[in-house]
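Let me begin by presenting the structure, written as C-alpha cells, before commenting on it.
For ligands, and for the atoms within them, numbers begin at 1 and follow the listed sequence. Here the structure is a predicted model, which is why all the values come from computation and not from measurement.
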Amino acid sequence: MLIIGEKLNSTIPQIRKAIKTKDKYFIQKLAREQTEAGANLLDINTAMEDEVEDMQWVIEAVQEAVDIPLCIDSTNPAAIKRGLKVIHKGQTMVNSISLEKNRCEDILPLVLEYNCSVIALTTDDQGIPKTVDERLKITEKLLNILVKNNFNLDDLYIDPLVLPLAVDSRNADIFFQSMVKIKREFNVKTVSGLSNVSHSLPNRRLVNRYFLAICMSLKMDAAILDPLDKKIMTAVITTDLLAGNDRLARKYLQAYRAGDLED
Ligand code: THG
C-alpha cells in the first residue's frame with residue numbers, strides 16, 4: 001500500500017506555527033522522519049495562512065531534506081500551480097479534484113501539464129453523498145471527464161470519503177462498499193484518510209487503526225496517515241503479512257529486528 005505522510009499539514013497547530021515563523025528546521029525534520037518511517041509521498045497542506053507563498057516555501061524546504069515525491073493537498077488552483085512550478089522530484093500527486101464547482105476545470109489542466117497523479121473525491125456541489133450508489137455515480141462522471149481529457153487512469157486514486165461513525169453507525173460500511181464497488185466496476189485505485197471515521201469518538205487512533213486494517217484487506221491502494229504513529233505502521237506491516245503481501249515475512253521480521261513493531 002502506498003503511504004502518504006500527513007504531518008506537513010497547516011491545520012496541525014505546530015506546523016502552522018512553523019510555517020508562520022519560517023522554522024525550516026522543524027519542517028525538514030518532519031519530512032525526514034516521515035520518510036524514514038516509510039512514507040512513499042509527503043502530503044503538503046498550507047491552507048491556513050498565506051497558502052500560495054507558503055506552498056512554495058514548504059516545498060523548497062522539504063526538497064532540500066528528502067528525495068521522495070510530494071502530494072499537494074489544496075483546493076486552490078493558484079497554490080497547486082505554484083507548488084508544481086517548484087517541485088522537481090518524481091511524479092507529483094495533486095490532492096484533490098472533485099465534481100464541486102470548478103474543481104476539475106481549473107485544476108485538471110495543471111495536472112495534465114505536469115503529468116501528475118491525482119486524488120479525486122466523490123463529492124459534488126451537494127456535498128458528500130450518503131449512499132454507495134451516489135458515490136458510484138459521481139465516480140463515473142469524474143472518470144468521463146478524465147477520459148475525455150486523455151488523463152491516464154493508472155494515475156488516478158478515488159477517495160470515496162468516509163464519514164464519521166459518530167454521525168451514523170453505517171458510515172464505515174458505506175465507505176467499504178463504495179470502495180470495493182469502485183474498484184470492481186471501474187478498475188481504478190482508491191485512497192482514504194484515516195481520521196474522519198473516528199471523529200467525536202474516544203480513543204480515535206484505535207478506531208483509525210482497525211479501519212485501516214479493514215481497508216487494506218479490501219485492497220485499498222493508498223492511505224493518508226501519520227507514519228510517525230508506530231502503532232499505525234505496525235498495523236500496516238502486520239496486515240500486509242496477513243494479506244499475503246510480505247514474502248517470507250521479510251518486512252515484518254525486519255521491522256521486528258529494528259524494534260519498530262508496537263502492540
Ligand atoms: N482525504 C484526502 N485528503 C485529506 C484527507 C482525506 N487531507 C487532509 C486529511 N484528510 C488528512 N490529513 C491529516 C493531517 C493531520 C491530521 C489528520 C489528517 C491530524 N493530525 C494530528 C497531529 O498530527 O498532531 C493528530 C494525529 C492523531 O492524533 O492521530 O489531526 O481524508 N484526499
Side-chain angles (χ1 to χ4, degrees), residues 1-19 26-27 29-31 33-34 37 39-48 51 55 58 70-76 79-80 83 92-100 103 107 111 116-123 127-128 135 138-139 142 155-165 167 171-172 174-176 178-179 182 188-212 215 220-236 262:
M1 197 187 54
L2 197 73
I3 293 171
I4 304 166
E6 73 181 15
K7 292 298 265 190
L8 294 171
N9 189 312
S10 61
T11 61
I12 302 172
Q14 303 105 289
I15 308 295
R16 186 175 181 177
K17 187 171 158 225
I19 293 173
F26 185 82
I27 299 291
K29 183 163 174 278
L30 270 176
E33 284 174 349
Q34 290 186 94
N40 304 110
L41 290 109
L42 298 179
D43 190 87
I44 313 282
N45 172 306
T46 59
M48 298 300 279
E51 187 174 13
M55 183 60 77
V58 173
L70 306 180
C71 173
I72 301 178
D73 190 343
S74 172
T75 54
N76 175 353
I80 295 172
T92 304
M93 185 179 273
V94 170
N95 179 18
S96 55
I97 61 168
S98 74
L99 279 191
E100 283 161 89
R103 287 278 292 277
I107 298 174
V111 163
C116 300
S117 56
V118 69
I119 295 178
L121 312 179
T122 60
T123 178
I128 303 176
R135 287 167 205 221
I138 293 178
T139 302
L142 282 163
D155 293 332
L156 174 67
Y157 292 79
I158 297 282
D159 183 341
L161 289 172
V162 64
L163 289 165
L165 282 166
V167 174
N171 274 337
I174 289 168
F175 172 89
F176 299 139
S178 303
M179 186 184 65
I182 286 166
V188 290
K189 292 186 276 225
T190 52
V191 62
S192 176
L194 304 188
S195 50
N196 286 356
V197 71
S198 61
H199 207 272
S200 308
L201 288 174
N203 215 343
R204 293 185 62 179
R205 285 171 181 234
L206 177 68
V207 179
N208 296 350
R209 214 151 62 225
Y210 279 90
F211 173 70
L212 174 69
C215 290
M220 189 166 78
D221 301 275
I224 306 167
L225 53 76
D226 177 1
L228 303 185
D229 180 334
K230 283 207 164 190
K231 287 189 173 175
I232 278 276
M233 293 309 282
T234 299
V236 170
E262 207 171 280

Residue S195 vicinity, atoms of ligand 1 by number, heavy atom under 4.0 Å: 17 (C), 18 (C)
From CD1 (I80) to SG (C116), nearest 0.5 Å: 9.0 Å
L121 and ligand 1 - part of the residue with a heavy-atom distance under 4.0 Å: side chain
Modelled atom types, side-chain donor and acceptor of R135 and T122, under 3.5 Å: no
Ligand 1-proximal atoms of S96, by part, heavy-atom distance under 4.0 Å: neither
Test log, rule side chain to side chain contact (heavy atoms under 4.5 Å, CB included), inputs L228 and L30: CA-CA 9 Å; L228 303 185; L30 270 176; 3.7 Å; yes
Location of contacts on V191 toward ligand 1, heavy atoms closer than 4.0 Å: neither
Nearest non-hydrogen protein atom, atom 3 (N) of ligand 1: N95 ND2, 3.0 Å
Nearest-0.5 Å distance, CG of residue D43 to CG of residue L225: 10.5 Å
Residue pair N76 / S74, side-chain donor-acceptor N/O under 3.5 Å: no
L161 heavy atom under 4.0 Å from ligand 1: no
N/O separation below 3.5 Å, D159 to ligand 1: yes
Protein heavy atom under 4.0 Å of atom 30 (O) of ligand 1: no
Candidates L70, I27, L42 - the one meeting side chain to side chain contact (heavy atoms under 4.5 Å, CB included) with V58: I27
Heavy-atom pair of closest approach, residues L142 and S98: CD2-C, 3.8 Å
Polar atom proximity, D43 to ligand 1 (N or O, under 3.5 Å): no
Verify atom 8 (C) of ligand 1: protein non-hydrogen atom under 4.0 angstrom away: yes
Test item: protein heavy atom less than 4.0 Å from atom 11 (C) of ligand 1: yes
Residue pair L212 / M1: nearest heavy atoms and the distance that separates them: CD1-CE, 3.9 Å
Atoms in ligand 1 with a heavy atom of I119 nearer than 4.0 Å: 32 (N)
Per-atom contacts of ligand 1 with I224, taking only distances under 4.0 Å to non-hydrogen atoms: 1 (N), 2 (C), 3 (N), 4 (C), 11 (C), 32 (N)
From the candidates R204, E6, K231, R205, the one that places a heavy atom nearest atom 27 (C) of ligand 1: R205
Atoms of ligand 1 close to K7 [distance to a heavy atom under 4.0 angstrom, numbered from 1]: 22 (C), 23 (O), 24 (O)
Check: T75 main-chain N/O paired with R103 side-chain donor or acceptor under 3.5 Å: no
Sub-3.5 Å N/O-N/O distance, N196 and ligand 1: no
Main-chain N/O of P164 paired with N171 side-chain donor or acceptor, under 3.5 Å: yes
